[in-house]
Number of protein chains: 2
Amino acid sequence: MSPELNFRDLCHRCNLAATHQRQVIYETVLSLHGHPSPELIYAKVRKKVPSISLATVYKNLRTFIESGMLREVGLPHGSLRVESNQKIHHHLVCVECKSITDLDEAGIDPVRLRQKLPPGFQVRRISVDVLGTCSQCSSRAPRSSRF
Amino acid sequence: MSPELNFRDLCHRCNLAATHQRQVIYETVLSLHGHPSPELIYAKVRKKVPSISLATVYKNLRTFIESGMLREVGLPHGSLRVESNQKIHHHLVCVECKSITDLDEAGIDPVRLRQKLPPGFQVRRISVDVLGTCSQCSSRAPRSSRF
DNA sequence: CTAGATGCAAACAGTTTGCGTCACT
DNA sequence: AGTGACGCAAACTGTTTGCATCTAG
């Protein structure tokens, strides 16, 4: 399972050209195995491909997310959103149109932590987001896939 | 329980001056009872206080979030973050320094939906984020409170 | 050969900041 | 009276886009 082979296969399955830049970006994200920002990825990738541009990194991260090769952490990135609903509740989020709907707490099994957290971590709240596509966006042309 | 009285009390408890702008912003967010963006709030507030500036809206939303009068939806707003971990897992997020750590799926009871979702909504995944402050940030000067 | 990918620079959206003036306490 | 809030404009960060050139298939 050489990474080279895997990457080409992955790209072919996603109908993406297997370019050098693309491969370096992808493998860099894998090597960072955390939750790196575009800037950090850019900095690392640059060491291998000094001529690469930040725009290429952004374009490819989006491409990877859309094709399911990578995942975006948290809500699909948009603007600040604020809420006044003080009751415990969760959110139904459309990853296409970014609409957010409240879900009553009763609709989801209560979340309980079974795991030891890092010492000193003070939990403030637990947020549950159900991500997907709403009916309108589901019927429109699908943008991202998954396999 | 007139809103006027409530608002002044709230502000006093948070050591905030109860200004007219602040009150209109706060009540506007309540009246929208959804997940409004700063721009939407600004547009609505402007109808009551035409001279208000967008900066004031932003400043006060941040103030409200810090003092616990409002809540920010989703992760504390920063830059795009990407991950390659394909296993089901969840996140431990520090709301101060924005650090993200993976939590193994086994550490949290499996989330199951008991509630009927809007028809046509296609669930893609469920994201669970444990929000709080990490040990380092907990020991530093606390920024936001809650009562 | 051709569709699509890259690199650059410029544009853009959302958000924050500095500063002089004004208002709440 | 003094601290902090407001309004304005300018700065800034993160991200996207247009376009000419290049490259994988």
Side-chain angles (χ1 to χ4, degrees), chain A residues 4-5 7-26 28 35-43 45-46 48-67 69-70 72-82 97-98 143, chain B residues 4-5 7-26 28-29 35-43 45-46 48-67 69-70 72-82 98 143:
Chain A
E4 166 88 23
L5 194 65
F7 179 74
R8 300 189 75 85
D9 289 350
L10 271 170
C11 283
H12 292 150
R13 268 204 263 186
C14 298
N15 294 310
L16 299 176
T19 68
H20 181 50
Q21 290 87 330
R22 211 161 253 174
Q23 177 162 9
V24 173
I25 293 169
Y26 184 70
T28 297
H35 314 84
S37 64
E39 278 292 346
L40 180 60
I41 295 162
Y42 176 55
V45 166
R46 252 185 151 177
K48 294 205 166 182
V49 188
S51 63
I52 205 168
S53 80
L54 182 57
T56 299
V57 172
Y58 269 102
K59 283 172 189 165
N60 279 301
L61 292 180
R62 286 265 162 254
T63 303
F64 291 147
I65 292 168
E66 269 177 30
S67 61
M69 288 170 64
L70 292 180
E72 179 174 354
V73 176
L75 298 193
H77 220 66
S79 67
L80 172 66
R81 296 301 191 88
V82 130
C97 68
K98 274 108 182 153
R143 305 192 67 234
Chain B
E4 166 87 22
L5 194 64
F7 179 74
R8 302 190 73 85
D9 288 350
L10 271 170
C11 283
H12 291 150
R13 268 203 263 185
C14 297
N15 292 311
L16 300 175
T19 67
H20 181 52
Q21 289 89 330
R22 208 161 254 175
Q23 176 161 11
V24 173
I25 292 168
Y26 184 71
T28 297
V29 173
H35 314 84
S37 65
E39 278 293 346
L40 180 61
I41 295 163
Y42 176 53
V45 165
R46 251 185 151 179
K48 293 205 167 181
V49 188
S51 63
I52 204 168
S53 82
L54 182 56
T56 298
V57 172
Y58 270 101
K59 283 173 190 166
N60 280 300
L61 291 180
R62 285 266 163 252
T63 302
F64 290 147
I65 290 168
E66 270 176 29
S67 61
M69 289 170 65
L70 292 179
E72 179 173 354
V73 176
L75 298 194
H77 219 67
S79 67
L80 172 66
R81 295 302 191 87
V82 130
K98 274 109 180 151
R143 304 192 67 233

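Since the structure is predicted, the reported quantities are computational estimates derived from the model, not experimental observations. Per chain, numbering begins at 1; letters A, B, ... match sequence-line order.
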Report the relative orientation of the aromatic rings in A/F7 and A/Y26; use parallel for angles under 30°, tilted for 30 to 60°, perpendicular for over 60°.
tilted
Would you mind classifying the nucleic acid contact of B/I52 as base, sugar-phosphate or nothing, using non-hydrogen atoms under 4.0 angstrom?
sugar-phosphate
Tell me whether the OP1 or OP2 atom of C/dG7 has a side-chain N or O from A/S51 closer than 4.0 Å.
yes
So does A/K59 reach the base of C/dG4 with its side chain, donor to acceptor, closer than 3.5 Å?
no
Residue-phosphate contact under 4.0 Å: B/Q21 side-chain N/O, C/dA23 OP1/OP2:
no
In whole angstrom, what separates A/L40's CG from D/dG14's P?
12 Å
pair A/S79-B/E39: side-chain heavy atoms closer than 4.5 Å:
no
Considering only heavy side-chain atoms of A/S79, the closest of C/dG14, D/dG7, D/dA5 is C/dG14
Measure the spacing between CD1 of A/I52 and CG of A/N60 and express it to the nearest 0.5 Å.
7.0 Å
Side-chain N or O of A/T19 less than 4.0 angstrom from OP1 or OP2 on C/dT6?
yes
In this structure, how many angstroms lie between the C1' atom of D/dT23 and the CG atom of A/L16, rounded?
15 Å
Report the distance from atom CG of A/L80 to atom P of C/dA13, rounded to the nearest whole Å.
18 Å
Please check the phosphate of C/dT16 (OP1 and OP2 only) for any side-chain N or O of B/Y58 closer than 4.0 Å.
no
Taking the side chain of B/H77 as heavy atoms from C-beta outward, which of C/dT15, D/dG25, D/dT15 is closest to it?
C/dT15
OP1 or OP2 of C/dT15 less than 4.0 angstrom from a side-chain nitrogen or oxygen of B/R62, does that happen here?
no
B/K98 NZ to C/dT15 C1', straight-line distance once rounded to whole Å:
12 Å
Whichever of B/P38 and A/I25 has the more 5' nearest nucleotide on DNA chain C, that residue is A/I25
In whole angstroms, how far is the C1' atom of C/dG7 from the NE2 atom of A/H20?
15 Å
Just verifying a value: how many Å separate B/E72 CD and B/R62 CZ, rounded to the nearest 0.5 Å?
5.5 Å
May I have the distance from A/R22 (atom CZ) to C/dG7 (atom P), rounded to whole angstrom?
11 Å
Does the pair A/R46 and A/Y42 meet the rule for a side-chain hydrogen bond (donor to acceptor under 3.5 Å, both in side chains), with working shown?
CA-CA 6 Å; A/R46 252 185 151 177; A/Y42 176 55; 3.2 Å; yes
Please classify the nucleic acid contact of A/A17 as base, sugar-phosphate, or nothing, using heavy-atom distances under 4.0 Å.
sugar-phosphate
From B/Q23 atom CD to B/T28 atom OG1, the distance as rounded to the nearest 0.5 Å:
10.0 Å
Base, sugar-phosphate alone, or nothing: which one does B/S37 contact when heavy atoms must sit under 4.0 Å apart?
nothing
Reckon A/H12 has a side-chain N or O less than 4.0 Å from the OP1 or OP2 of D/dG25?
yes
Atom-to-atom span, CD of B/E66 to P of C/dT16 - whole angstrom
10 Å
Ignoring backbone atoms, establish whether A/T56 has a side-chain N or O less than 4.0 Å from OP1 or OP2 of C/dG7.
yes
Please state whether the phosphate of D/dC6, meaning OP1 or OP2, lies under 4.0 angstrom from any side-chain nitrogen or oxygen of B/N60.
yes
Check whether any side-chain N or O of A/R8 sits under 4.0 Å from OP1 or OP2 of D/dA24, and answer yes or no.
no
What is the distance, to the nearest angstrom, from the CG atom on B/L54 to the P atom on D/dC8?
11 Å
